[in-house]
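Naming convention: chains lettered A, B, ... in sequence-line order (proteins, then strands); numbering from 1 in each chain.
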Amino acid sequence: MQTLLPKTPLRRRAIAIGLAIFGMGALAWAALAPVEAASREELFEIPAGTSERRLDGDEVEVLPQTIRLRLGLNDVLVLKNHDAAPHLFGPTLVMPGQTFRLPFTTAATYSFLCTAHADGQLNVIVEPGPGPGWERLRWRWRSLASRVAQ
Amino acid sequence: MTGHIRLVLAIFAAALLIAAVAALFLARAYAEPESLRAGAFEPPRAAPEFMLAGSDGSDVILADHRGKVVLLTFGFTHCAAVCPTTLATLAQARAATGDRADEVQAIFVTVDPERDNAAHMRDYLAAFDPSFVGATGDPVVLAAVREAYGVTAEKQGTGRDYAMAHTSSIFLIDPAGKLRGAMPFGRDAADFAHDIALLLEG
């Protein structure tokens with residue numbers, strides 16, 4: 001029995017060290033690991049009948065005036081045109097039934113011509129993703145909190 | 001250094017190592033599959049056809065460039081900033097494709113036929129890349145081509161030094177003649193080279 005007694009504090013110490021490694025590892029992972037998203041696409045749809053409603057004088061807004069994206073999280077703007085008419089979106093025409101998938105790689109504010117808006121203008125604000133370190137740690141904490149709140 | 005401090009440092013080093021390995025693993029796991037860096041159309045439609053007067057004296061017919069990646073851009077030779085930047089970027093991108101450069105064709109369609117005749121366009125484009133082809137023609141025909149691609153152009157100012165406000169995107173047409181993407185102005189040559197390589201692979 002006497003030979004077994006000194007092992008108890010050693011075991012406690014080993015468990016404490018193990019927990020410390022795990023805890024610090026988890027914190028370091030949360031601060032350093034790249035942010036991930038199941039999909040980086042931010043989908044917006046132009047519903048069927050948009051152009052007809054416009055012709056009837058209805059100033060329908062089918063897209064928000066300003067779209068906010070974050071690099072690494074939701075930095076791919078996807079426009080799906082369900083309308084019977086083509087819609088001009090910034091760089092080009094999106095034909096009926098067509099999807100236009102535009103990835104952003106630089107944080108900036110972009111202004112596009114867009115016929116899906118009554119005033120013909122769409123602003124896209126692309127913000128940088130959470131950087132490694134404290135910012136990423138805070139982002140993960142908020143994501144976790146919002147998931148728990150749901 | 002006491003044993004206690006050494007232990008704390010060892011724990012910290014082990015934790016950092018674990019985190020770094022996990023981060024590396026995740027970065028690879030979440031790597032996106034290769035896709036166009038330009039805005040991509042799904043499903044792609046056939047690129048609207050056109051026949052215009054070429055800067056080399058022949059007709060510029062889009063269908064004649066099947067088998068090549070066509071970089072189609074709209075602009076004017078008196079443009080102060082956007083068009084020279086775009087053309088320089090396209091020249092760099094074409095050069096970056098190396099021995100496949102012959103499979104890349106840039107076509108510059110003028111939005112200013114009043115000042116951009118074939119000879120002037122040829123001299124202007126040669127400064128960027130002698131393989132670039134300029135296209136001009138009747139203003140009504142040019143307007144129809146712009147409409148088909150959703151390109152806008154508007155005269156600004158009066159007198160000889162007027163400017164043209166115009167769509168600055170570059171359209172990417174694959175070797176089968178499909179309009180696959182539109183690259184917004186400002187992207188660098190590496191983005192074009194990446195997309196050209198993807199389109200050449202099919």
Side-chain angles (χ1 to χ4, degrees), chain A residues 13-14 16-41 72-73 75-81 86-106 108 110-115 120 124 132 136-137, chain B residues 7-8 10-32 35-48 72-74 146-152 165 167-172 179-188 190-191 194-195:
Chain A
R13 199 173 173 191
I17 289 171
L19 284 174
I21 289 176
F22 179 77
M24 288 186 75
L27 270 179
W29 174 84
L32 297 175
V35 290
E36 71 279 359
S39 167
R40 285 163 63 175
E41 295 185 347
L73 292 174
D75 53 8
V76 181
L77 179 64
V78 180
L79 279 184
K80 206 169 235 182
N81 185 8
H87 281 275
L88 186 68
F89 168 67
T92 190
L93 275 180
V94 185
M95 303 307 281
Q98 205 173 37
T99 297
F100 185 61
R101 186 180 179 280
L102 179 61
F104 289 90
T105 53
T106 306
Y110 302 84
S111 283
F112 294 115
L113 292 174
C114 183
T115 53
V124 179
R136 205 167 279 180
L137 197 61
Chain B
L7 182 67
V8 170
I11 291 171
F12 188 69
L16 269 182
L17 188 68
I18 291 167
V21 170
L24 197 69
F25 174 77
L26 272 176
R28 286 185 182 171
Y30 282 95
E32 297 271 323
S35 56
L36 289 182
R37 293 181 185 171
F41 299 105
E42 194 57 48
R45 61 173 169 135
L72 178 67
T73 182
F74 294 78
R146 289 200 299 271
E147 190 181 357
Y149 283 90
V151 169
T152 58
T167 301
S168 54
S169 306
I170 300 93
F171 297 94
L172 307 181
L179 179 56
R180 296 287 295 278
M183 188 78 85
F185 171 73
R187 297 289 179 88
D188 59 25
D191 289 336
H194 171 273
D195 286 1

Option in B:Gly39, B:Pro43, B:Gly181, B:Gly186 with maximal non-hydrogen atom pairs under 4.5 Å from chain A | B:Gly39

Chain A contact via [X] - side chain, backbone, both or neither, heavy atoms under 4.5 Å:
X        : answer
B:Arg45  : both
B:Thr152 : side chain
B:Ile170 : neither

Nearest non-hydrogen partners of [X] and [Y], listed with the distance:
X        : Y       : answer
A:Pro103 : B:Ala38 : CD-O, 3.5 Å
B:Phe41  : A:Gln98 : CB-NE2, 3.5 Å
B:Gly150 : A:Leu93 : CA-CG, 3.4 Å

Residues in side chain to side chain donor-acceptor pair (under 3.5 Å) with B:Arg180, at least two apart?
-> B:Asp174

With sequence neighbours excluded, what pairs up with A:Thr105 under the side chain to side chain donor-acceptor pair (under 3.5 Å) test?
-> none

Once rounded to the nearest 0.5 Å, what's the spacing between atom [atom1] of [X] and atom [atom2] of [Y]?
X        : Y        : atom1 : atom2 : result
B:Met183 : A:Leu102 : CE    : CG    : 10.0 Å
B:Arg187 : A:Phe104 : CZ    : CZ    : 7.0 Å
B:Asp188 : A:Thr106 : CG    : OG1   : 8.0 Å

Side chains of A:Thr92 and B:Ser169: closer than 4.5 Å at any heavy-atom pair?
-> no

